[in-house]
Student: 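One structure, as structure tokens, below. Some questions next.
In this text, all values refer to a predicted model and were calculated from it rather than measured experimentally. All values below come from the heavy atoms of this structure, side chains included, with hydrogens, waters and symmetry mates left out. Per chain, numbering begins at 1; letters A, B, ... match sequence-line order.
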Amino acid sequence: MIKTHHNVGGLPEHMKLKLIEPLRELFKDEVRKLGVELGLPSDMVYRHPFPGPGLGVRILGEVKKEYADLLRKADNIFIEELRAHDLYDKTSQAFAVFLPVKSVGVMGDGRRYDYVVALRAVETIDFMTARWAHLPYEFLDLVSRRIINEVSGISRVVYDISGKPPATIEWE
Amino acid sequence: MSSHIHDHRILILDFGSQYTQLIARRVREAGVYCELRNPDMSEAEIREFAPKGIILSGGPDSTIGEAAPAAPHCVFEMNVPVLGICYGMQTMATQLGGQVESSTHREFGYAKIRARGHSAFLKDIEDHTTPEGFGMLDVWMSHGDRVSQLPHGFKVIASTDSAPIAGMADEERQFYGVQFHPEVTHTTQGQRMISRFITEICGCETLWTSANIIEDSIETIRQQVGTDEVLLGLSGGVDSSVVAALLHRAIGDQLICVFVNNGLLRENEGDQVMAMFAKHMGIRVIRVDAEDRFLSALAGENDPETKRKIIGREFVEVFDEEASKLTNVQWLAQGTIYPDVIESAASKTGKAM
């Protein structure tokens, strides 16, 4: 077992609900086409996969509200800029990871110990193998500066250059 | 219309190739419904399935071995076209009286094949023409064994230097076999070949389109649930979103969605889900803000696997509590998709996919 998946969830057994699964004949690409045909925005239909446990597995170690709030802000800047630079659809999955370690930074005149986020972006056809996305340096520079300037509590941004295999796409 | 989109259907018998799901996707892309099944399917099941054509997939086995899996013999007696791909071609050859040998020339990767004899399967499909005027195709090969002797009634339709019989056909019975993989995109004309097989050779109409699938699903859903209420857990992901849109179109206010904010969503995700589904589409969505509950359950936990279990457990409990308040609900909708179905069938038979 690599990791457990829970997104299907469990049935409230005592309710004895009957099950209806209207997509059980369809492949993912067919589901997406159906979504567009049904009027869902293509931004939503073609969004990157998001793990069932959400940011819970993108905050390494213990999950705290403070960490989740910082991560949400950093992740949002990354995704926003990917879309603005027409890079979102060129990557298969992109996100930020919160590292609960503090590294030193100099902000203004003072030294501060703040948290680190890692950016991860991969290109893949089937998610079985993936290569890290070779995003332009200027783009990474812009995202890094925005995160450090706008998210108080983060003073260092790193980019993950590991391929799958051996690294997995998610960090946990 | 609605009862017919499944009528023109192709059966794919899966001998375990890593590419089998691609065959199914190519058939669907060509506009025809198909299902993947195990080769141990019984004759009665196959006849009940009533395919317009049958595709035998590739697989890791050798037909030379004693325990080699074979296609049920009725496949060749039902008067429907059959296409064998790689192992599928080899088992077709063996079962119909031809021979397969282990080749010292293993082929993995790109190959150029020469189409021969203007078969219905490959006629006028080519990537290049040689100076002599022969049609050539760029294809993807992945095999060790090869057909060494044609079964009675067959002719060669494609060849390479290392596989003189890279394709074979009995055009009278409409049996076709190819050693290469038309289902992978590296075979440039592969989609055309698959389309050719299912539309021209099998005579399927291309009814499997998004618009028809929606129309068919709506009718099926209405018949299934009648006037009952249906509950759906909305996550913001693609599958549950499409289920919500589809069910809403089919049964309107009989659909009730529960959206759980577990505090681990992306920025503004909860508001966006509510704006899209509740406000814009007019779907009944119950939003549960359970951030505190999830975070307190996770407090102090460092192990990734335990974290996943806690999040999963909390979700089921929260969802269960909400569901219990809805006394008229009789159905639970889920965003299960076909690969989940295939995977769970495979794990039941103990077959690795």
Side-chain angles (χ1 to χ4, degrees), chain A residues 1 3-41 44-47 49-65 68 72-73 75-76 79 95 171-172, chain B residues 21 24-25 28 33 210-211 213-214 217 220-221 224-225 230-231 233 235-239 241-243 245-247 249 262-268 276 291 295 298-302 304-305 307-309 311-312 315-316 319-320 323-324 329-341:
Chain A
M1 182 191 67
K3 49 179 80 152
T4 54
H5 292 267
H6 85 280
N7 19 1
V8 177
L11 292 185
E13 271 174 30
H14 62 89
M15 296 185 67
K16 308 236 181 332
L17 294 176
K18 291 171 276 185
L19 201 57
I20 181 167
E21 299 171 309
L23 308 180
R24 63 178 283 127
E25 288 180 346
L26 305 180
F27 286 104
K28 194 83 180 186
D29 47 342
E30 295 176 307
V31 171
R32 292 205 163 97
K33 284 185 199 156
L34 224 61
V36 172
E37 183 85 22
L38 286 163
L40 294 175
M44 159 174 269
V45 170
Y46 287 95
R47 70 202 306 198
F50 187 65
L55 302 185
V57 292
R58 290 179 178 172
I59 294 164
L60 300 195
E62 188 182 1
V63 176
K64 294 179 183 172
K65 181 167 166 54
R72 254 189 288 272
K73 289 194 182 109
D75 180 74
N76 192 45
I79 300 300
F95 52 90
W171 277 44
E172 275 196 345
Chain B
Q21 283 199 30
R25 283 167 57 189
R28 301 280 187 89
Y33 180 68
S210 295
I213 297 168
I214 290 170
S217 304
T220 311
I221 292 163
Q224 210 175 347
V225 306
V230 179
L231 175 67
S235 71
V238 178
D239 299 338
S241 298
V242 174
V243 174
L246 186 60
L247 284 172
R249 188 172 289 188
N262 58 10
L264 302 168
L265 304 171
R266 283 182 154 170
E267 186 88 340
N268 298 325
M276 155 89 66
E291 182 180 30
L295 293 180
L298 284 164
E301 186 53 61
N302 281 287
E305 201 50 39
K307 280 163 49 178
R308 286 174 177 267
K309 287 199 177 115
I311 296 166
F315 176 82
V316 171
F319 190 79
D320 193 354
S324 309
V329 165
Q330 291 168 61
W331 294 84
L332 179 74
Q334 287 193 331
T336 315
I337 66 174
Y338 195 41
D340 305 329
V341 176

Student: Which heavy atom of B:Glu267 sits nearest a heavy atom of A:Lys73, and at what distance?
Tutor: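 Looking at all heavy atoms of both residues, the shortest contact is OE1-N, 4.2 Å.
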Student: Where do B:Val242 and A:Leu23 come nearest, in terms of heavy atoms and distance?
Tutor: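 Smallest interatomic distance, heavy atoms only, reads CG1-CD2, 4.1 Å.
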Student: Begin from the C-alpha positions of A:Ile79 and B:Arg266 and carry the test side-chain contact (heavy atoms from CB on, under 4.5 Å) through to its verdict.
Tutor: CA-CA 10 Å; A:Ile79 300 300; B:Arg266 283 182 154 170; 4.1 Å; yes
Student: Judged by atom type as modelled, is there a donor-acceptor pair below 3.5 Å linking the side chain of B:Lys307 to the main-chain atoms of A:Gly61?
Tutor: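 Flag set: sc B:Lys307 to bb A:Gly61 pair under 3.5 Å.
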Student: Kindly compute the distance separating CG (B:Leu265) from CZ (A:Arg72), expressed to the nearest 0.5 Å.
Tutor: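 Spacing of CG (B:Leu265) from CZ (A:Arg72) equals 7.0 Å.
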Student: Using heavy-atom distances under 4.5 Å, tell me whether A:Leu40 contacts chain B through its side chain, its backbone, both, or neither.
Tutor: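 The side chain, not the backbone.
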Student: Relative to chain A, which segment of B:Ser235 carries a heavy atom at a distance below 4.5 Å: side chain, backbone, both, or neither?
Tutor: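 Neither part.
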Student: Quick one: CD on A:Glu37 to CD1 on B:Ile214, what's the gap to the nearest 0.5 Å?
Tutor: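 Here the interatomic distance stands at 4.5 Å.
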Student: Could you check whether any side-chain heavy atom of A:Glu25 comes within less than 4.5 Å of a side-chain heavy atom of B:Tyr33, counting everything from C-beta outward?
Tutor: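 A:Glu25 vs B:Tyr33: side chains touch.
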Student: Just verifying a value: how many Å separate A:Ile20 CD1 and B:Ile221 CD1, rounded to the nearest 0.5 Å?
Tutor: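 A:Ile20 atom CD1 to B:Ile221 atom CD1 measures 5.0 Å (nearest 0.5 Å).
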Student: What pair of heavy atoms forms the shortest contact from B:Leu264 to A:Pro53, and how long is it?
Tutor: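 Heavy atoms only, the tightest pair is CD1-O, 3.7 Å.
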Student: If you compare all heavy atoms of B:Asn302 against all heavy atoms of A:Glu172, which two are closest, and at what distance to 0.1 Å?
Tutor: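 So the minimum-distance heavy-atom pair works out to O-OE2, 4.4 Å.
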Student: Check whether any side-chain N or O of B:Arg308 sits under 3.5 Å from a backbone N or O of A:Val57 as a donor-acceptor pair, and report yes or no.
Tutor: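 Here the side-chain-to-backbone pair does not exist.
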Student: Rounded at 0.5 Å granularity, tell me how far CG in A:Leu38 sits from OG in B:Ser217.
Tutor: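 It is 8.5 Å, given to the nearest 0.5 Å.
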Student: Can any side-chain N or O of A:Glu62 pair as donor or acceptor with the backbone N or O of B:Gly300 at less than 3.5 Å?
Tutor: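 The answer is yes, because a donor-acceptor pair under 3.5 Å joins these two groups.
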Student: One thing to verify: whether B:Asp239 and A:Lys28 come together as a salt bridge, which I'm taking to mean a side-chain N less than 4.0 angstrom from a carboxylate O.
Tutor: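 Yes, charged N to carboxylate O under 4.0 Å.
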Student: Could you report the tightest heavy-atom contact between A:Leu19 and B:Gln224, atom names first, then the distance?
Tutor: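 Between these two residues, the closest heavy atoms are O-NE2, 4.2 Å.
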Student: Looking at chain B, which one of A:Gly39, A:Pro22, A:Pro49 has the largest number of heavy-atom pairs inside 4.5 Å, strictly under?
Tutor: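 Highest number of heavy-atom pairs under 4.5 Å: A:Pro22.
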Student: Among B:Ile337, B:Val341, B:Asp340, find the residue that satisfies the side chain to side chain contact (heavy atoms under 4.5 Å, CB included) test when tested with A:Arg24.
Tutor: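 Only match with A:Arg24 under side chain to side chain contact (heavy atoms under 4.5 Å, CB included): B:Val341.
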Student: Return the minimal non-hydrogen interatomic distance between B:Gly263 and A:Ala68, and the atom names on each side.
Tutor: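 Closest approach of B:Gly263 to A:Ala68: O-CB, 4.1 Å.
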Student: Side chain, backbone, both or neither: which part of A:Tyr46 has a heavy atom under 4.5 Å from chain B?
Tutor: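 A:Tyr46 has no heavy atom closer than 4.5 Å to chain B.
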Student: Answer yes if the side chains of B:Thr336 and A:Glu21 hold a donor-acceptor pair under 3.5 Å, and no otherwise.
Tutor: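 Indeed, the side chains of B:Thr336 and A:Glu21 share at least one donor-acceptor pair under 3.5 Å.
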Student: Is B:Glu301 in contact with chain A via its backbone, its side chain, both, or neither, using a 4.5 Å heavy-atom distance?
Tutor: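 The backbone, not the side chain.
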